[in-house]
Amino acid sequence: MQIATWNVNSLSVRLPQVLAWLQANPVDALALQELKLTDDKFPLQALQEAGYHAVSHGQKTYNGVAWLTRTPVRDVVRNIPGLDDEQARIIAATLDAEGGPVRLINGYFVNGQAPGTDKFAYKMRWLQALQDWVKSEMAIHPRLVLVGDFNVAPEDRDSYDPIGLKDTIHHTVEERTHFQALLQLGLTDAFRMFDQPEKSYSWWDYRMLGFQKNRGLRIDHILVSEALRPSVSACSVDRAPRKNPQPSDHAPVVVTLG
DNA sequence: ATGGCAGTACCATACTGA
C-alpha cells in the first residue's frame with residue numbers, strides 16, 4: 001500500500017496536475033494541503049471519475065486539507081479536537097486495509113512567519129495541541145500515519161542553507177523540539193529509514209530559480225507508528241511535478257508499506 | 001540592502017506563504 005502527501009498550493013489551479021499524478025502514481029491514499037477553496041467548491045466529481053473517494057476540510061483563500069483514497073474512509077475528524085482554531089489545517093480518517101485499519105492524519109502545519117511574532121506563538125500553541133491529540137490518537141489507533149506539510153526542517157541536512165538560515169522560521173530550536181516530541185510519541189520519519197540522495201528537499205522557493213539551484217527545504221513529512229514501521233519498504237520525494245509548468249512549490253512525498 | 005514568485009480577493013495592491 002502507498003500513502004502520499006502533497007501541498008498543492010491551490011487545488012483549483014493544480015487539479016489537472018493532481019489527476020495526472022494520480023494516473024501515474026495510483027497511490028491508495030493522498031493527503032492534500034493548501035486547497036485554498038471551500039468544500040462546496042471541492043472538485044469531488046473529477047476525483048471520483050479518477051477512481052478516488054475524498055473527504056475535505058476546506059477554507060476560502062487559505063489552508064484547507066483533504067484525503068483522497070481508493071476506498072472509503074470512516075471516523076473523519078476535522079481540526080484538532082478541543083483546539084479553538086479558525087483555520088482548516090487537520091483532517092483525520094480511518095482507512096480499512098489488509099493487516100488492519102490505518103489511522104490517517106493529514107496536517108497543514110502553521111507556517112509561523114518568524115520567531116517572536118503572534119503567528120509564531122500560534123504555531124507553538126498549535127504544535128502542542130497537535131502533540132497532545134496525536135498521543136491520544138495513537139493510544140486508540142496503533143497503526144497510524146501522520147503526514148503533511150509540517151513547516152519544519154527537522155535537521156540541518158533538511159535545509160539548503162542551515163548556517164545562513166539558523167534560528168529562522170522552519171529552523172528554530174523550538175520548532176525542531178516539537179518535531180522531536182512527535183517522534184518520541186513513537187513515530188518514525190519514514191524518509192530517514194532509507195539512504196537518500198544528498199540535499200533531498202520537498203519545497204523550493206518560486207523565486208531566484210530555487211528549484212533549478214536546488215535551494216530547498218525538506219518540510220513535508222510522513223511519520224509512521226511502531227506497528228507500521230516494519231512494513232515500510234520505501235519512501236521518497238517525487239520531484240517530477242515540480243518541473244511541470246505552473247507547479248506547486250512543494251513536491252509529493254510517497255511511502256510504501258508492504 | 002532589497003526583492004525577486006504565485007495565488008487570492010473588496011481587482012489594485014495587500015496579504016500570505018516558507
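Naming convention: chains lettered A, B, ... in sequence-line order (proteins, then strands); numbering from 1 in each chain. Computation of the quantities below employed the complete heavy-atom set of this structure, encompassing side-chain atoms and omitting hydrogens, waters and symmetry-equivalent molecules.
- Among A:Met1, A:Gln2, A:Arg143, A:Arg229, the one residue that satisfies the side chain to side chain contact (heavy atoms under 4.5 Å, CB included) test with A:Leu257 is A:Met1.
- Nucleic acid contact for A:Arg14: sugar-phosphate only, since backbone atoms but no base atoms lie under 4.0 Å from a heavy atom of the residue.
- Looking at A:Asp156 and A:Arg176, a side-chain N of the basic residue comes within less than 4.0 Å of a carboxylate O on the acidic one, giving a salt bridge.
- The pairing partner recorded for B:dG17 is B:dC5, the criterion being a Watson-Crick or G-U wobble arrangement whose two distances lie under 3.5 angstrom.
- Classification of the A:Phe150-A:His221 ring pair by plane angle, with boundaries at 30° and 60°, yields perpendicular.
- Between A:Arg207 and A:Asp249, no side-chain nitrogen of the basic residue sits less than 4.0 Å from a carboxylate oxygen of the acidic one, so the salt-bridge criterion is not met.
- With sequence neighbours left out, A:Trp21 forms a ring pair (Phe, Tyr, Trp, His ring centres under 6.0 Å) with A:Trp6.
- Of all heavy-atom pairs between A:Lys60 and A:Thr38, the closest is N-CG2, 3.6 Å.
- Comparing B:dA1 with B:dT13, their P atoms sit 30 Å apart, to the nearest whole Å.
- Relative to the ring axis of A:Phe109, A:Arg89 does not place its NZ or CZ within 45° and under 6.0 Å from the centre.
- B:dA14 and B:dC10 are spaced 16 Å apart, taking the P atom of each and rounding to whole Å.
- Partner of A:Phe211 under the ring-ring contact (aromatic ring centres under 6.0 Å, His included) criterion, chosen from A:Tyr160, A:Trp203, A:Tyr206, A:Trp204: A:Trp204.
- Across residues 121-129 of chain A, not one residue has a non-hydrogen atom less than 4.0 Å from an atom of DNA chain B.
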- Along nucleotides 8-18 of chain B, 5' to 3', which nucleotides get a B, which get an S, and which get a -, given that the test is a protein heavy-atom distance under 4.0 Å? SS-----BSSB
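- B:dC10: no Watson-Crick or G-U partner with both key distances under 3.5 Å is found in any strand.
- At whole-Å resolution of the value, CD in A:Gln17 and C1' in B:dA6 are 13 Å apart.
- Atom P of B:dT2 sits at a distance of 23 Å from the matching atom of B:dA6, rounded to the whole Å.
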